[in-house]
Amino acid sequence: QQEVAEGVMRIAVSFPPANNAWQAKMLDSALDEAAKDVDEFHFVIKNAVDDADQLNILTTFKEDAYDMIICLPGNGTLMTPICEDIYDAGIKLIIVDRPIDSDKYTALLGGDNYLCGSNAAKYMGDRLGGKGDIAILRSYVGIPIDLDRYNGFADVIKKDYPGINIVVEADGQFNQDAGLNAMSNILPAYDKIDAVYCQDDEAAVGAITAIENAGRTDVQFVTGFGGSKAAYKLLSEGNPIFGASMSYWPTMGGRALALGKSIFRGESFEKINHDPTFVVTKENVGEFHQHSY
Amino acid sequence: MENIKQKNSFLQLVSRVWKNYSIVVVFFVILIICGIAAPRFLRPNNLLNILRNTSIVGIIGLGMTFVIIAGGIDLSSGPVLATSGAALIALQKMVTESGDPAMPLIVPILVCLAISTGIGFANGIIITKAKLPPFIVTLAVGIIARSVVMYFCRGATIMGNKIPEFTNIGNGSIFRIPIPFIMAIVLALILHVTLTRSKFGTYVFAVGGNEKAAKYSGIKVDRIKIATYMIVGFCTGLAAVIEMSRMAAVAATSSGMQYEFEAITAVIIGGTSLNGGKGRLIGTIVGFIILGIVKNMMIMLNISPYLAGAVKGAVILFAVLIQRREK
Amino acid sequence: MENIKQKNSFLQLVSRVWKNYSIVVVFFVILIICGIAAPRFLRPNNLLNILRNTSIVGIIGLGMTFVIIAGGIDLSSGPVLATSGAALIALQKMVTESGDPAMPLIVPILVCLAISTGIGFANGIIITKAKLPPFIVTLAVGIIARSVVMYFCRGATIMGNKIPEFTNIGNGSIFRIPIPFIMAIVLALILHVTLTRSKFGTYVFAVGGNEKAAKYSGIKVDRIKIATYMIVGFCTGLAAVIEMSRMAAVAATSSGMQYEFEAITAVIIGGTSLNGGKGRLIGTIVGFIILGIVKNMMIMLNISPYLAGAVKGAVILFAVLIQRREK
Amino acid sequence: MSKLLEMQGICKSFYGVEVLHAVDFSLEKGEIRALCGENGAGKSTLMKVLSGIYEQNDGEVHFKNVHIKRTAEPLEVQAYGISMIHQELNLFDDLTVAQNIYLCREPKGKNGLIDFSEMNMEASRLLKRLGESIDPKTPVRELKIAQKQMVEIAKAISFNVELLIMDEPTAVLTGKETEIMFNLMRSLSEDGISIIYISHRLKEITEVCHSVTVLRDGSYIDTKKVADVTEKDIATLMVGREVQHSSIGDFSGDEDDVILEVLGVTDNMLDDVSFSVRRGEIVCFSGLVGAGRTELMEVIFGIRRPESGQVLIDGKPVTVKSAIDAIKIDIGLVTEDRKDTGLVLCRDITENSNYVFWRKNKGIFKGVKKTRSNTGGMIERLNIKCAGSDQDVANLSGGNQQKVALAKWLLSDAKVLILDEPTRGVDVGARQEIYQIIRELAESGIGIVIVSSDMQEVMSVSQRVVVMHEGRKTGELKCSEMEEEKIMYMATNV
Ligand SMILES: Nc1ncnc2c1ncn2[C@@H]1O[C@H](COP(=O)(O)OP(=O)(O)OP(=O)(O)O)[C@@H](O)[C@H]1O
Ligand SMILES: Nc1ncnc2c1ncn2[C@@H]1O[C@H](COP(=O)(O)OP(=O)(O)OP(=O)(O)O)[C@@H](O)[C@H]1O
Ligand SMILES: [Mg+2]
Ligand SMILES: [Mg+2]
């Protein structure tokens, strides 16, 4: 039983399911941060199995009257009501990665999937000289991050690069095998694919394997997303078709906990903080290895 | 001789009680263990919270019990919840020019129930008329339903109108008892009476026990089966109403994800056999509360999120093991 | 009278052939439809690619056929693939100081197969000795296995040693035929002979058809069941070897996700009944190829990812419908 | 010389209820021993203990002076040379006849796999010996119940047995097969093989057995030489009182008051069959296995659709497309295979006996009081031996299961009641009671059709007999004209 000594702050952390490597690293960095300063802070970290479960967990946290709740909403819209309730109940609330549809929170440490998607579109549009046929490997079609990453990309392409055609979309599902399978199905169907936008690094690694296996030379480059070890390794090895990874790092999990600690310590903080986004290429990958997952 | 008979019938009584209520015993054992491991667990607020949280899957489980007793299975519940829930939100968020809801709340709710019951009906019709295995039919119908709702919502999360009458369904309480749990209990009572006292209930058992014999006894086997799928459909619709009202929003991709497995797990933990012909609703209720307790305790005891699955799996095995022991 | 009898036996023959091979007919119909809808579909490269992609789930399906014929089910295959695959990668990536692999490749592969077969054995033991329903046991064991591998990998993707001998297993071809497909076919042949020509195969049918009668006939029912779970475990281990070698990496959270459902779907499409007692491997093979074709065609025809599910569900229903029609 | 088999003080309980009380049983080499007793007396249970299916709670078994362990599995017991034909069929529907017969003893070819051609050949030889011409490659699913029973017998004798246990093998057989089987039993006995034979047909016992052991309520009563007793003595020993046999006369009611009329029914199994039943009349159908009697009844009950022909009730043509339709117009059918089509084994006596009653009466609820009195009445009237009306039917003895199947239709208020082998597995005492009930039903104005393969039953219960052969009606006799030879003659159509 976790009865906590007087003066120790109780902080609860709620994450969506750890069903991909990015999310797992998020959890891992949070666990690392939670293991520090144990005489000042007591952390409970919980992954939900789905949205309703996350709602239940947040409700449980609220009932349990934690001093602070840190929430990475699996679905920002769905978690809005409970987050508002938490804030209204006087509990400090930090929202991580994805915004909720409300400004009732103490602080936001946001990643920016939409911006990363736009970065990818710019990178791709420029490298292709504004025209070409491309494929997209999405990341669990329909979930909020998928839509952000997709819309960020597609909006810029539509607006700034009308010569680029999105010829096919498939699902890369945040993992290498799915990326490999999806790409290996795409290649025989299209004689010419100039580039592939993968909404996840792991899927990109799989897609590259498929392209290499098929011996296709028409594909000039593939872009990934997120910042995974496997992707950075390919980049630093100088893989000819891996163009760039649109990175923002799951280590923000740990940083969110650190932010929480600093708030209790009375340090000043911004309400809205955006984690920077990077376009990681062969050239600059060396600087970023320590952030990868 | 007399003596033997009496002793026997006493033993028989004990064995019968244990057979029928072992799950309840298991339940109290779990409750006590939890209370000792984490005294906070027993706080009324926490217990009520567990009841609220488990009611949604529980309501689906009640309907699922009927289907499973009749020898079927329904793997489409999750997607059906999303589909009917999406319809509910779409109608509920419509407003007139003056900003009032375009229709009384009851209309979207009825539409939601009609859609879910309708899909249940479709499941039943395909299974009985085309004579296809329920596992594959409901799996396919579920995949299709999820896909259709994704298509219409373009995958996005749709927010409804946040009016108190609506959000109160899922979030409110009456005399501190969560409304979803009250709904689950009322529904359970009605269904329990239906299952044990009505002719229909007996026919459900008969169809699951021996379909051919049921047919030869003049029971309209197909109708009974279709009815069970409509019941689980209706229950899923009701669960959708609660789920939608809790968040006043629906996520096309993820609403109701995996609920069918949670529900089936609760039914089996409750002692209903997947072979059909046997089962009871009280078991299902205890089954879903046990699942809720497990999840809650994982938080209470701050178990490593990586190991949460291991604990859950072990508790499920333990729960079914204890009550099957006597076989 | 004579005449009638002859007519009957001819009709019976036709009906028997159709009953046993309707899935093959369905298969060719689908092939032709696809070829017309998308001529690129029929290119050898594309077809070979489909075979390669579907072989992993297909191999699991072969083992699953045994379990299902014996009246069981295995919902733990996906997590077992991840678990045994993780062990494989962990050993395979070990290097000596000079950078050479620390052990011959065969060692990690054998360990992988041993682990998956071992978990299958555990499934079988729990199901038979504790007399628990396979659905819930394998579900729980799967949850536990996934959780354990997540715990050891801290949820991350672990990269192995990318040596050609290893990656060639999943990515290579012999005379243009993908190696995974060759493995699947060889395994299918061995298992087919086992199922139809060996005593063990007959007992598998007997146990699934009528467990009590099997026991009365002196069949060691428990052993047969355990053996089927070990077979599906072994097959899953083999699938893990291929899957791991394709990317030389394992993702604790996602490797093998949902493979059990794909495999079960393939088995049912192939005409094996979930009630046990009947089934055939040829059906499973066609079943998993059909599933692969569906995925491929979705891309060929550039169907909206939102509607992909609807198409898949419809094809599954169509495939089971056609071949069950005659019942 | 010591005995081949010695069972001493066998006790067996289910859920704390003792059903065998220290039973002793012994047997000589080459002896054919009948085992008799009322339904639920414990015959099957005793034999299941012997064959390793149940573990006795107390008592010992010695076979050829070797002690058989209490925990011995069926396979071990088989290895001693003991093989059993169960009361309920234990076949695998989706395996072939040959696979069923040689299950666990499949002939192996050189490559270690099953030698199917050898197996099929052996099976066909074995079946020929039993006078059956079934193709050994047919799946058992496609066989009729009598053929299935023959497969069971073939399976049992295919072992290298020294003791063969036969639990009511003739319940579904007709005279012809029974005769073949008896000859087989005699020749086995001459070869020194012992047989334990359970049957409720006492005539068969005096015909083929050397001696008879009687059980009553789970206790050993007596063993006698068959030469020293009459059928009546055996019945008295079983029931503990005298059993009255009675015959029935010709139909004496209104000849023109026809309640059921069947005209020219034809399909691939039936060839232009017509017959009629009058209000209050009992008509029996006799014939060999495969005569098409069951099919004819299924046509009347709406389970089979004929190619042509008509069914008339009370002179009006009716279209019966399903059991539901049939029940609506008050036709009832007690099916011949209680396990397959008669009972929901995993449900209790109350539910099983009231299904049709509930179907026929309006209302949503079951009606607890009425249901209870229905069930209680039936348990009493049919003397169903059970722990209570909430006992699962699966746990009843075979004969008592049959009574429950019967109860369902007795509670249905049928105008026309068809009974397909109604006393299959029912003991002599209860059988007489059932005949009595049938007579009472007839007297109350119901038309009764009985399909029976038991000649004694036909002789004692019917007012008229219709004989069929290969789907055709070959004759019809009034009670006063009935003679066994005549019926056999028509049934074989020579
Ligand atoms: N598995 C079981 N569980 C509970 N009770 C049982 C079981 N098997 C048999 N019994 C009970 O044991 C008693 C003896 O049954 P048994 O089957 O041996 O009778 P039997 O002499 O073979 O009767 P019949 O002539 O009707 O076949 C019956 O009262 C029956 O209800
Ligand atoms: N499903 C089936 N498949 C093949 N042949 C069948 C099937 N059903 C019935 N038959 C055949 O139809 C014929 C009529 O059988 P039926 O059972 O009607 O005879 P019966 O007179 O009722 O005999 P019984 O005394 O066994 O009830 C037999 O030759 C039988 O083999
Ligand atoms: Mg018996
Ligand atoms: Mg018959």
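Computed from a predicted structure; not experimentally measured. Labels below follow one simple rule: chain letters A, B, ... track the order of the sequence lines, proteins then strands, and each chain is numbered from 1.
- Comparing B:N45, B:N53, B:T54, B:V57 by heavy-atom pairs within less than 4.5 Å of chain A, the highest count is held by B:N53.
- When B:M247, B:M257, B:R52, B:M150 are compared by the number of non-hydrogen pairs under 4.5 Å with chain A, B:M247 comes out ahead.
- No other option in B:N171, B:T157, B:T167 has as many heavy-atom pairs under 4.5 Å with chain A as B:T157.
- Between the CG atom in A:D51 and the OG1 atom in B:T253 there is a gap of 7.5 Å [rounded to 0.5 Å].
- Contact of B:Y259 with chain A is made through the side chain alone, with heavy-atom distances under 4.5 Å.
- Atom NZ of A:K92 sits in a sparse spot, with 12 or fewer heavy atoms from other residues, nucleotides or ligands closer than 6.0 Å.
- Among A:T80, A:T59, A:D146, the residue with the largest count of heavy-atom pairs under 4.5 Å with chain B is A:T59.
- Within 6.0 Å of CZ in B:F261 there are more than 12 heavy atoms belonging to other residues, nucleotides or ligands.
- Within the 4.5 angstrom heavy-atom criterion, only side-chain atoms of A:F61, from C-beta onward, approach chain B.
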Worked verdict on B:L48 versus A:E63 for side chain to side chain contact (heavy atoms under 4.5 Å, CB included): CA-CA 10 Å; B:L48 292 173; A:E63 294 302 332; over 6 Å; no

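- In this structure, chain B has no heavy atom under 4.5 Å from any part of A:I82.
- Note on A:N47, A:N75, A:N56: by heavy-atom pairs under 4.5 Å with chain B, the leading option is A:N56.
- Looking at every heavy atom in both residues, A:T60 comes nearest to B:N46 through CG2-OD1, 4.2 Å.
- We find the CG-CZ distance between A:L147 and B:R154 to be 10.0 Å, quoted to the nearest 0.5 Å.
- Neither the backbone nor the side chain of B:A252 comes within less than 4.5 Å of any heavy atom in chain A.
- Residue A:D101 touches chain B through its side chain alone, counting heavy-atom pairs closer than 4.5 Å.
- Proximity to chain A is limited to the backbone of B:V250, based on heavy atoms less than 4.5 angstrom apart.
- Here the OH-CG distance, from B:Y306 to A:D28, works out to 4.0 Å after rounding to the nearest 0.5 Å.
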